[in-house]
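Below is one structure, written out as structure tokens; comments come after it.
Chain identifiers are assigned alphabetically (A, B, ...) following the order of the sequence lines, protein sequences preceding nucleic acid strands; residue numbering begins at 1 within each chain. All figures in this text were calculated on a predicted structure; none of them were measured in a lab.
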Protein chains: 2
Amino acid sequence: MRATVKDVARRAGVSPKTVSNVMNGVVPVSAPTRLRVEQAMAELDYVPNLSARGLRNGRSGVIALALPDLATPYSAEVAHHIVEVAHEQGWIVQIEETGSDPVREQELMTRARSNLIDGLILNPVVLDESAVKVGVALPPVVLLGEVTQQLADRVFVNSLTAARDMTLALAKPGRRRIAVLGTTQGRGSAAAIQRTQGYEAALDILGIPRDESLLIPCEKWTPETAAKALDAYLDQHPVPEALFCFTDSMAIGALSVLWKRGLRIPEDIAVAGFDDIADGRYAVPSLTTVSFDKRTIASEALRLLTERMGDRAHGQRVVSVDYSIVERGSSKA
Amino acid sequence: MRATVKDVARRAGVSPKTVSNVMNGVVPVSAPTRLRVEQAMAELDYVPNLSARGLRNGRSGVIALALPDLATPYSAEVAHHIVEVAHEQGWIVQIEETGSDPVREQELMTRARSNLIDGLILNPVVLDESAVKVGVALPPVVLLGEVTQQLADRVFVNSLTAARDMTLALAKPGRRRIAVLGTTQGRGSAAAIQRTQGYEAALDILGIPRDESLLIPCEKWTPETAAKALDAYLDQHPVPEALFCFTDSMAIGALSVLWKRGLRIPEDIAVAGFDDIADGRYAVPSLTTVSFDKRTIASEALRLLTERMGDRAHGQRVVSVDYSIVERGSSKA
DNA sequence: TTGAAAGCGTTACCAT
DNA sequence: ATGGTAACGCTTTCAA
């Protein structure tokens, strides 16, 4: 049977409260008493029962991290940093996968407060503001990425200006037929909309007329779907001078298609991505991308979350994380 | 204030026990009563307090998943499948990162039983049997991968025969100078040892004399370290006919180095990996690899874990998962 | 089929 | 500085 505070107290010849005081270290405890208690804990191999502690305190020390799909490199990197930062701060992290399902995303926001978690970091894809009922008591939530809603705190990279800057960079050596891969039909993800707008903003700046036939739709942002979409596109259209993929993952799928078709990169077509995932650096050729510090995203998300836990009533906080255009072999003239 | 069973009971005009019965659905409840209770729960937006439930039941419904580094594609894919399968079975998953630290690995095995978790799935790297004290009450644990120990249940892919078979496949078109990337000096990971032995077993079968200079050491199995190790190696040695990397991640790093050096793959040098991660399929050229079903690993690990929770005394169970050699562009003659 | 009461392990309040 | 007592929300005897 597992040892409890009572067992420890009995062995140390003190009361349970004193054991608790030793553990939590807020109330002062005399040195000899503390020593006796610590020894008793070690002897009994005492491990506190977190369920009991959570019940009593109303806080569990657990936060939930909800991502579309843990297997995608971008999500995996974000998850890694959040778990690492959270652990440094003493949090336990629980993983949820949404599968990009809006229903699941909302469910997590509204029903997550099962008191096993103190807060939620959610990377939504298609979270719709209208669906989140105002007035329902939300748990402390921080949203990751581009979302058009005003209800929760948020950490994001400005997709619009980043896409604009990347398009400008691709155009610099005089390229004018710049295609984008990853646009969505109808109501797509906020990120898709923002990145498309940024691309169009750049065209306007450059005085390049918009050309619908350079928008390559791709609903799911995976290498598979990107490869398929690009392959089908190239069957019907001439090769553009540059291809801006809305994620690095898509760019990796695109590179494999271009290579199979015997196109030289960047001579025949320049390629760029977005996210700066580790594999992009080792792509062939290495991938030009929009880079940003994922650890900053993690630490800012955790900062906002803990602040929110402390003050549920405070107004919405939004943090924008810096990005930079990193030009590598896939676009270098 | 959050609604509790008492509130629901009062509103439905029943006792807390009846509310509990409705939720857990074991004890039969009359249809009208059940309806009233369910309505009351909906009206009060009732969410059960899992800390209280966990305290009372002695089980939390949470399992921990401990991996070296969530950001590596292999770990990410495994985590994805485990989370998915676990959720299907009603488990909540908590993430731990070990950073390949043996101390952390052991700590998790022995001290993880804080009653917030019912079991642990651990992917160790250098777990040493001798360090895990026999007799200490372990929580239910399932180990993932190659480990030389007899204490816990385990799911693994036979690295030795897989590495042997891959080496044989690489040698088939008459290649004889086959190098491996990822060997470790001194006491390395069990996987490194097994894969090296498999490689050597193949050489013996083929009648190719072992050549120390074809073992390229690489302690950390990342694209970065692999690229660096291979680059340094090629500065000093002639180009081998084939390169068997001990993971796909390392192979991706290797491909980028070979490409930078202007070597043609597979004409000048064939390349293979291990793990069949998604990005390998979209590498240039697509990567030959040892493939296995990660969902099977996940479901078997969960099966063993739940069985172990039910019967702590049972002897060690070990499950070997099938693999296959998948030949893609990086080695096709 | 349903109700009353006890208790899981912890910490906070109020004494001493 | 330390001890006694009550309470967190749930489920499980035991009774009715």
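When distances are taken from the side chain of A:K6 to each of C:dG3, D:dG4, C:dT10, the shortest belongs to C:dT10. Of the listed nucleotides (C:dG3, D:dT12, C:dT11), C:dG3 has the atom at the smallest distance from the side chain of B:V14. Candidate nucleotides C:dG9, D:dG9, C:dC13 were compared by shortest atom distance to the side chain of A:A52, and C:dG9 ranks first.
Following rounding to the nearest Å, A:L116 (CG) and D:dC10 (P) show an atom-to-atom distance of 13 Å. As a whole-Å value, the separation of B:M23 CE from D:dC10 C1' is 8 Å. Rounded to whole Å, the distance from CG on B:L50 to C1' on C:dC8 is 16 Å. Atoms CZ (B:R53) and P (C:dC8) sit 20 Å apart, rounded to a whole Å. B:N21 has its CG atom 16 Å from the P atom of D:dC14, to the nearest Å. As a whole-Å value, the separation of A:M41 CE from C:dT10 P is 11 Å. C:dT2 atom C1' lies 14 Å from atom CZ of B:R34, rounded to whole Å. In this entry the distance linking CG of A:L55 with P of C:dT11 reads 11 Å, nearest Å.
Using a 4.0 Å heavy-atom cutoff across all strands shown, B:T33 reaches sugar-phosphate atoms only and no base atom.
B:R56 contributes a side-chain N or O that forms a donor-acceptor pair with the base of D:dT11 under 3.5 Å.
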